[in-house]
Structure formats: structure tokens, C-alpha cells
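Take a look at the structure set out below.
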Amino acid sequence: MESRIRYVLQHPIEQLVGPEGEERHMLTELSLAPRVKGKHMARTDGAAGPTAQKIALIAALSGLSNRDAGELDFDDIEAIEALYNTPADATGPAASTIAGAPAEGPLESSHKDGQPTGAPSSAT
């Protein structure tokens with residue numbers, strides 16, 4: 001069994017807990033499924049649009065309710081999405097987002113001819 005991904009939220013959220021939602025708890029990190037599976041994707045079927053689909057998928061991957069996942073900050077939503085859009089053997093900025101640390105600077109890699117790709121340098 002693959003271990004879960006620990007993601008530290010850049011912007012913690014308040015979560016209501018208890019049978020009646022009477023207690024408040026600050027949620028500072030998520031435990032995410034290591035891979036997106038069909039059962040996770042199926043939870044997005046009823047979502048109204050692309051943002052609702054992202055929220056539903058994060059809820060499925062983390063075990064959060066859709067309501068709680070909807071409270072996540074845009075930065076955290078984008079960082080979590082990037083975790084699953086990065087090849088498993090990749091290194092670089094996306095690897096640092098696992099712990100919630102934002103990537104430093106623009107993403108840059110090399111094209112097959114050796115020329116850099118990504119954001120242009122500020123020296124131009």
C-alpha cells in the first residue's frame with residue numbers, strides 16, 4: 001500500500017467538527033491519497049463546473065467534505081492540483097509543494113535542443 005501525501009496548508013482553514021458542527025478546529029494539513037483513482041474521479045461527476053470538480057476531487061483525495069474543501073484557499077488548491085500533474089520522477093519546484101512550501105521563481109526546464117524553456121529571464 002502506498003503511503004499518503006502529507007500536504008501542509010499555506011492558508012489553514014477552520015473546520016466545523018462534531019455531530020452538529022458545534023466545535024471549531026483549525027485544519028493545518030491534509031493527508032492525500034498518493035494517486036488519483038476512479039473512485040476519486042467518480043466523486044466529481046455531479047460537479048457543476050471545473051472549479052467545483054477540483055474541489056470535489058480534493059475532497060475525495062483528502063477525506064474532507066465538499067463544504068470543507070470549498071474553504072481551501074486558491075493557492076492551496078493550485079498546489080494540490082500540481083502535485084498530481086507532476087510526473088512521479090520529476091524533481092524541482094513541484095516537489096517542494098508537498099510540504100506546502102511555494103515553489104521559488106518561475107518554472108524553468110530545458111527544451112530538447114538544450115535551450116531553456118519557461119519564463120524568460122529578467123536580463124532580457
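All values below were derived from every heavy atom in this structure, side-chain atoms included, with hydrogens, water molecules and symmetry-related copies excluded. All residue numbers refer to positions in the sequence shown, counting from 1.
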Assigning hydrophobic clusters by single linkage (Ile, Leu, Val, Met, Phe, Trp, Tyr; side-chain heavy-atom cutoff under 4.5 Å), is M41 placed with I80? yes
So do the side chains of L61 and Y84 get within less than 4.5 Å of each other, counting heavy atoms only? yes
Qualifying residues under side chain to side chain donor-acceptor pair (under 3.5 Å), relative to D73, sequence neighbours excluded: none
What pairs meet the salt bridge (charged side-chain N to carboxylate O under 4.0 Å, His left out) rule with one or both residues in residues 46-72, with sequence neighbours excluded? K54-E78, K54-E81
I need the minimum non-hydrogen distance between P34 and S3, along with the two atoms involved. CB-O, 3.3 Å
Tell me, please, which residues at least two apart from S31 pass side chain to side chain donor-acceptor pair (under 3.5 Å). R4
Consider only side-chain heavy atoms of I, L, V, M, F, W and Y, link residues closer than 4.5 Å, and tell whether L64 and V36 are in one cluster. yes
Can you list every salt bridge (charged side-chain N to carboxylate O under 4.0 Å, His left out) pair that touches residues 29-38, not counting sequence neighbours? R6-E29
Nearest atoms (heavy-atom pairs only) where N66 meets A56: OD1-CA, 3.8 Å
Hits for salt bridge (charged side-chain N to carboxylate O under 4.0 Å, His left out) against E14, two or more places apart or cross-chain, chain-then-number order -> R24
Residues pairing under side-chain hydrogen bond (donor to acceptor under 3.5 Å, both in side chains) where one sits in residues 40-53, two or more places apart or in two chains, turn out to be none
Work out which heavy atom in D75 is nearest to a heavy atom in Y7; give both atom names and the distance. O-OH, 4.5 Å
So, taking the atom named CG in L72 and the one named CG in L27, what distance separates them when rounded to the nearest 0.5 Å? 7.5 Å
A side-chain contact here means heavy atoms from C-beta on lying under 4.5 Å apart; do L9 and L30 qualify? yes
I'd like to check D76 versus I13 (side-chain heavy atoms, cut-off strictly below 4.5 Å). Are they in contact? no
